[in-house]
Amino acid sequence: MIALEQVSKRYRARGEWRHVLREVSAVFPTGRNVGILGRNGTGKSTLMRLIAGAERPDAGIIRRDVRVSWPMGFTGGFQGSLTGRDNARFVARIYREETVFVEDYVARFAELGPYFDMPVSTYSSGMRARLALGLSFAVDFDVYLVDELPGVGDARFNKRYAEEMAARRSRSDLILVSHQVASIKAQCDMAAVLHGGTLTLFDDVAAAIRLYSKL
Amino acid sequence: MASSARVTQPYRKGLTDGLIVMGHVVAALMLREMKTRFGRHAGGYIWALVEPVMFIAALLLFKVATLGSGLQDANAVASLAAGVVSFFLFRDIVQRALTAISGNRGLLMHPIVTPLDIMLARSLLEAATSLVVTCLIAAGIFVLWGEGLPAAPLALLGVLAVAAGFGLSLGLLLGAAAAVWPVVERIVAPLLRVGFFISGVFFTPASLPPELRDLLLWNPLLHITEAARAAWLSVPIETFGSLTYAIAVAWLLLPLGMLSERLARSWMAPA
C-alpha cells in the first residue's frame, strides 16, 4: 500500500510557484492498478517522482511499505562511461537481485546486441529507454511506476513490452500516468485525476474519466 | 513543518536491516566507481601513483638544491613521502565527496541509494587506493635507498585512517553545502591548494619560528602529517603535533557532516 498523508509539493517554473499537490491525502491499495489522469503541466511527473521516493514532499508523509520502482522510462541513472551490462549489474546489486539473471533478462528484453557491452554514452535515446525498461522489469518490484512512454522501439519491441506489462500486471501493481484515456481504460481498474493541486481518487475508471473530460 | 515531511522506505526499517542494505549499496557503488574511474584505461590507476611520486621527487630535488641536503638520506625521502601520502589522502577524499552528488544526481532516482552512501563509497575507494599507493612508494624507497620502510606500519595505518576520517567528515559537510550552494565546489579547490602549503607536507613544525608554528598548529592536518612522519621514520624526531587533536576535530565534524547531509537532501533531487 502507498499512502499520501496531507502531502504538499510545489515547484518553481519561470519564476512562478506552481502547486502540484496541496495537502493531498490518498491511498493506493495493494492489488489495484491505478491510472492517474492529468493535463500536461499539472505535475504528473512530479507526483511520480514523489511516489518513487526520489523527491521529498514540502510537507506531509508518503508511506510506502512495498518495493516501488523508479519511473520506468527514466534513463538518467546510468553511468555513461560504463557498459549497459555494468549498469545492469549495478542496479541488480543495489536491489539485491541475482546479477546473472538480471543481465540475461535485460540482454534478451532490450535487444541491444553488441551494444550491451559498449558504454551507455554511445547509445541512442531509444536504446537507453529500452535498457531502462528491461532493468525495471528485471527487478522484482511490488509496484511499477509507468510514465507514458514515447515510442522507444520498433513494433516488435512494443509488442514485447506490452506482453511483459500485461504479465507483470497480474502479479504486481501498476501506477500509470497518462493524459490518454484509452491506455488507462485498458490497463487500470481504478483511476485518479490530478488537477489544480488536488488528486481525486475514484474506485472506478469511468467516473474518473467523466471528471477528466469536464476539465 | 519541512522536517516532518518525508517518504518512508520499505528498504531500511530497523538499524540492523538498514546497515545491511547500506553495506550492499556501498559495495555496489564502490565497484561502480572503480570501473568508472579506473575501468577501461589503466590511466586512472597509474595517475594515482604517479602524482604523489612526482610531488615527492620534486620536493626532494627542491630540498637538495636549496638546503644542500644529500640525496642519499632515506629518512629525508621517507619524511616527504609520509607528508605527501597523508595529505593527498585527505585532499582526495574531500574532493571526491564534494562532487559526489553533482556527478551522480541521476542515481538518486533509486531512493535505496543515499547521498551518504555515495560519499562513503568514494571515500573507502580513495582510502584503499591510498593504501596501495603508500605500500608501493615504501617499496620504491626501499629498493632505491636500501632502507626507509615505515618503522611503525600499524601506527602509519592509524594515521592514514585519521586522515581519511577527517576528509570524510569535512567532505560530508562541504558536499552538503555544495548541493545547496553550487559555488562551494569552486571555492574548495583553491583552498585545498593553500592547504597543501600550510599542512607540513614539505616542512616540519620543528623548522618553523615558534610564533608561526603556534599559528599553523591550529590546522589539524599539520598534526596528521607530523604523526605520519613519526610513524614512518626509524629515527626519533622532535614533534609538536598531537594526533589526538586531529582525531578530536574529525569527531566533532563527523556529526555536523552527517547532519548537514540530512538537511541538504531536499536539494539533492535527481536531475
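As a basis for the values below, the full set of heavy atoms in this structure was taken, side chains included, without hydrogen atoms, waters or symmetry mates. Chain letters run A, B, ... following the sequence lines, proteins first and then strands; every chain starts at 1.
- Of the listed residues A/R96, A/R93, A/R67, the one with more heavy-atom pairs under 4.5 angstrom with chain B than any other is A/R96.
- The part of B/L108 that comes within reach of chain A is its backbone (N, CA, C, O), which places non-hydrogen atoms under 4.5 angstrom from that chain.
- The greatest number of non-hydrogen atom pairs below 4.5 Å with chain B, out of A/D142, A/T75, A/V66, A/I94, is found for A/I94.
- Distance CG/B/L107 to CH2/A/W70: 11.5 Å, rounded to 0.5 Å.
- In this structure, the portion of A/L82 lying under 4.5 Å from any heavy atom of chain B is its side chain and not its backbone.
- When all heavy atoms of B/P111 and A/A52 are compared, the closest pair comes out as CG-O, 3.1 Å.
- If you measure heavy-atom distances from A/V7 to chain B, you find no contacts under 4.5 Å at all.
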Steps toward side-chain contact (heavy atoms from CB on, under 4.5 Å) verdict (A/E55, B/M109): CA-CA 8 Å; A/E55 251 180 77; B/M109 193 58 97; over 6 Å; no

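- Between atom CG of residue A/D86 and atom CZ of residue B/R32 there is a gap of 10.5 Å, rounded to the nearest 0.5 Å.
- No other option in B/A27, B/A28, B/G103 has as many heavy-atom pairs under 4.5 Å with chain A as B/A28.
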Between A/D65 and B/T8, does the side-chain contact (heavy atoms from CB on, under 4.5 Å) criterion hold? Intermediate values first, please. CA-CA 8 Å; A/D65 54 9; B/T8 65; over 6 Å; no

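- When ring centroids are compared, A/Y95 and B/H24 stay outside the 6.0 Å threshold.
- Using a 4.5 Å cut-off between heavy atoms, A/L50 contacts chain B through its backbone alone, with no side-chain atom that close.
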